[in-house]
Amino acid sequence: MLIETQYSLWLIIVGLFLAIFFALLLYKGVERSFKPSILLVLKVLRFCSIFLLFFLLLKPLFLKYFTEVEHPTIAVLLDNSSSISQFVSKQKLVELTDEISSKLPGSYQVKMHVFDHELKDIDSLNLKGRQSNLSESISEVKGLYEHKNLSGLILLTDGIYTEGENPLYSDWDVQKPIYALGVGDSTPKKDFLIKKLWVNRTVQHNNEFFVDIDVQAYGLKQEQTKLKVLLNDSLVWQQAIRVESNNLFKTYRVKLKAVYESTLNIKAVLQQSTQEVNTQNNTKQVFVDVVKRKDKVALIASQVHPDISAIKQALESFDAIDLKIYDNDNQELDLQEVSSIIFYAPSKYHRADRLFNKIRTLNIPTWFILTQKQDFQIAKPFMNGHLSFQNLSDENLQVRPVLNSDFELFSFDHDLKQTINLYAPLLVNFGEYKISDQTQVLLYQKIGSVDSDYPMWFFASHMQAKHAFLLGQNIFRWPMSEYQKTESKQVFNGLIEKTVGYLNASSEDNQLTLEHSKVYATDQNVNIKAVLLDQSANLTTQPEVFLEVQHQNERSKFQMVAHQNYYNISLGRLAQGRYQIKANTKLGSKSISSQSVFNVQNIDVEAIDQVARHDMLKKLSKKTGGQFTNYTSEFDVSFFDALGDQKLKPKQKHKKEKRFLIDQLIWAFVIIATLISEWVIRRYHGIV
């Protein structure tokens, strides 16, 4: 045990002299009134009270060092999805958890969890989950026990995941073994299935576009089927398919035309075979937005960089955007024709000052991608005080993105929250950044392991012009990271499109906008969000907003709930079908409305893929130094004997406990006791 003070210990000497000085000064000249022994007691009492008070003002504290033994913890993660229920019952899983607890040594702590679309407590076990996010659940287990003596993970699952990335890439400490119990049958069944539909998310009205359909067949050699394509439930294309091998994969390209003005429902259907085990994956559909206006976007790039190609590919996947790239010396840019402009590294553009003056005069929306120190000074007039920066240097930091869940300008895909964790860091100029209250931040900077309040991707407006800013370069790594782990670039493309779409929307177009998913499952809550802008293009929630919902011949009307900067309403779980919605409000004497469409489907994703992925579980176990075995009704829990390995020992943690003396009442009692004792003695001898 040690004693320290928050102030210098040399001050104790000052306290000693002060206490001695006041003790002697107080009793100077009264020596004859007391016996020498009594006088000494009085001086000592006064010295003690003064010195103790002074010493406590130095904020002394006791430091107590001790060792705490933390026994190893084994986490158990049980798959709660419906695909498990045909192979193991809830009762069997409960019995298994009891067996695991009894099999492991008493020094182990066993912690039970279940997962489907998210990590849950063991009390939630019901084997009815409609989604599986295995990678995110593994990462959450790691976070829960990050500062504890976690020795390993026991995982019972079929390995099928319908959300998130491949679990092989999950955020897990490879030094902690994963013991996987494989449930289900990993043998491919006889099956026709539509693997994926590839199509642009928006198309121009009356334009032709292509749909790519990936078709697979297992164990159905010499079988025949028919592939049909329906557009808004009308048959528009079909083709007979003869399977020439036991493992067929082929992509069919179909040309369609956006003849409807509303959302297109594109459905691909494979004719069922009598030999198929699973027919729920014979149908797949996507929804495509039809637009009547094509926005012209200019991308001015003063240098060659892979970021430009990534943005170009993302925007070209949306038929509603006409993108043209201009280099540093191009003179063909007509500002009267463009809807918005993207500047990449603007400080290297030699006509920047003259061009920027015209842009501000015409109130053209702009998106600045700032990659170096000089870019910030060029873009500063467009920031209008919404971003201030200082101490910028040419040095770059590797900074990861952090999603701002309170962002309100537009909605983003639910997958963005998960996918953002996959994205590689950007190179951002080292410096200090501060944003105004009127700024809408989409992404913050994560510096090392710290979530900062520095912006990475944000939006601001001035007068009637809207501006977006991205601080950093190497954004091209984001779609690469996403495709590597999800075989898709949909989230990244959507993020680019939403940014440009927000900039392109005029005040009339987006004065009242509805934000929602295009497709909901029957077991999902349908949430509708509305954003309203006043005449000055500022967010407002002053007027009432009403939402009309039409399904078949039924029509309902609701009042939306106003929040700080937006409106919202939850319609709960709805029956399968197509729903038309219309929001209405009034700004002064002006009536404003906005319409949209969404679909509700009876989606059981767990039933689409029924082939257990034991090969992935084997790789995961091997990667972490664990083991894999198939789970059966006669499963032998001696499989867990390896957990008794000597390297999985209790962990000793050396801790330090601080206690401030001034917080303990006993010292107040001591000081009061010395003062009272001194007063009683003085009173007894007739001196007060």
Side-chain angles (χ1 to χ4, degrees), residues 75-97 100 111-142 144 153-170 172 178-189 191 193 195 277-281 283-284 414-415 417-418 485-486 519-525 573 601-621 628-633 635:
V76 180
L77 190 55
L78 306 176
D79 195 335
N80 192 44
S81 58
S82 58
S83 61
I84 295 291
S85 59
Q86 58 182 310
F87 299 103
V88 58
S89 65
K90 177 182 175 181
Q91 181 61 33
K92 279 288 185 182
L93 287 181
V94 173
E95 293 174 1
L96 176 64
T97 59
I100 292 173
K111 301 292 184 181
M112 303 289 180
H113 302 277
V114 300
F115 77 94
D116 37 51
H117 69 283
E118 62 183 359
L119 189 69
K120 298 179 179 179
D121 293 330
I122 188 66
D123 295 339
S124 303
L125 182 65
N126 56 22
L127 301 182
K128 295 181 179 179
R130 302 288 290 271
Q131 296 276 5
S132 300
N133 194 334
L134 180 53
S135 60
E136 184 67 19
S137 299
I138 291 175
S139 298
E140 284 190 43
V141 168
K142 178 192 174 185
L144 282 175
L153 172 66
I154 297 173
L155 177 62
L156 185 142
T157 178
D158 54 14
I160 300 172
Y161 57 93
T162 59
E163 286 185 340
E165 61 178 325
N166 189 323
L168 287 173
Y169 302 104
S170 59
W172 182 259
I178 294 180
Y179 297 86
L181 305 180
V183 179
D185 188 356
S186 59
T187 305
K189 312 293 190 304
D191 194 16
L193 73 150
K195 190 69 174 177
V277 175
N278 180 18
T279 60
Q280 296 193 52
N281 51 20
T283 302
K284 190 174 284 290
H414 172 72
D415 290 341
K417 299 177 182 179
Q418 301 171 353
K485 298 180 180 180
T486 66
V519 182
Y520 294 93
T522 51
D523 61 347
Q524 279 183 298
N525 287 324
R573 298 179 180 181
Q601 301 177 10
N602 186 16
I603 305 173
D604 187 359
V605 182
E606 288 290 319
I608 294 176
D609 185 0
Q610 297 182 351
V611 179
R613 300 184 182 180
H614 290 177
D615 56 338
M616 181 274 294
L617 295 176
K618 291 176 183 177
K619 292 178 182 178
L620 183 62
S621 299
F628 170 86
T629 190
N630 284 297
Y631 175 81
T632 63
S633 57
F635 173 71

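All values below come from the heavy atoms of this structure, side chains included, with hydrogens, waters and symmetry mates left out. Since we're looking at a predicted model, the values are computed, not measured.
- Minimum interatomic distance between Gly182 and Leu617 (heavy atoms only, all atoms of both residues): CA-CD1, 4.1 Å.
- Rounded to the nearest 0.5 angstrom, Ile138 CD1 and Ile178 CD1 are separated by 5.0 Å.
- With sequence neighbours excluded, the residues satisfying side chain to side chain contact (heavy atoms under 4.5 Å, CB included) with Val611 are Asp609.
- Pro167 has its side chain within reach of Tyr161: a pair of non-hydrogen atoms, C-beta onward, lies under 4.5 Å apart.
- Of all non-hydrogen atoms in Ser82 and Ser85, the two that sit nearest each other are O-OG, 2.7 Å.
- For the atom pair Leu93 CG and Asn126 CG, the distance stands at 11.0 Å (nearest 0.5 Å).
- Within the model, atoms CZ of Arg613 and NZ of Lys619 stand 12.0 Å from one another, a figure rounded to the nearest 0.5 Å.
- The heavy-atom pair separating Ser81 from Asp79 by the smallest distance is OG-OD1, 2.7 Å.
- In this structure, OG1 on Thr97 lies 4.5 Å from CE on Met112, to the nearest 0.5 angstrom.
- A 4.5 Å side-chain heavy-atom check between Asp158 and Phe87 finds every atom pair outside the cut-off.
- In terms of heavy atoms, Lys284 sits closest to Lys195 at CE-O, 3.3 Å.
- The backbone N or O of Lys618 lies less than 3.5 Å from no partner atom in the side chain of Ser621, so there is not a single donor-acceptor pair.
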For a side-chain contact (heavy atoms from CB on, under 4.5 Å) check, start with the C-alpha distance between Leu96 and Leu181, then their side-chain angles and the critical distance, and finish with the verdict.
CA-CA 11 Å; Leu96 176 64; Leu181 305 180; 4.1 Å; yes
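- Side-chain atoms of Phe115 and Asn133, non-hydrogen and from C-beta on, never get closer than 4.5 Å to each other.
- For Asp185, the side chain to side chain contact (heavy atoms under 4.5 Å, CB included) partners two or more places apart in sequence, or in a different chain, are Thr187, Lys189.
- His614 places a side-chain N or O within donor-acceptor distance of the main-chain N or O of Val183, the cut-off being under 3.5 Å.
- Across all non-hydrogen atoms, the minimal contact from Thr522 to Arg573 is O-CB, 3.6 Å.
- Counting only heavy atoms from C-beta outward, the side chains of Ile122 and Leu78 approach each other to under 4.5 Å.
- Using a 4.5 Å cut-off on side-chain heavy atoms (C-beta onward), Val141 and Trp172 make contact.
- Taken from OG in Ser83 to CG in Leu127, the straight-line distance is 9.5 Å, to the nearest 0.5 Å.
- Screening residues 115-124 for salt bridge (Lys or Arg N to Asp or Glu O under 4.0 Å), with sequence neighbours left out, gives Asp116-Lys120.
- In this structure, Ile84 CD1 and Lys128 NZ are separated by 16.0 Å, a value rounded to the nearest 0.5 Å.
- Across every non-hydrogen atom of Gln524 and Val519, the tightest pair is OE1-O, 4.4 Å.
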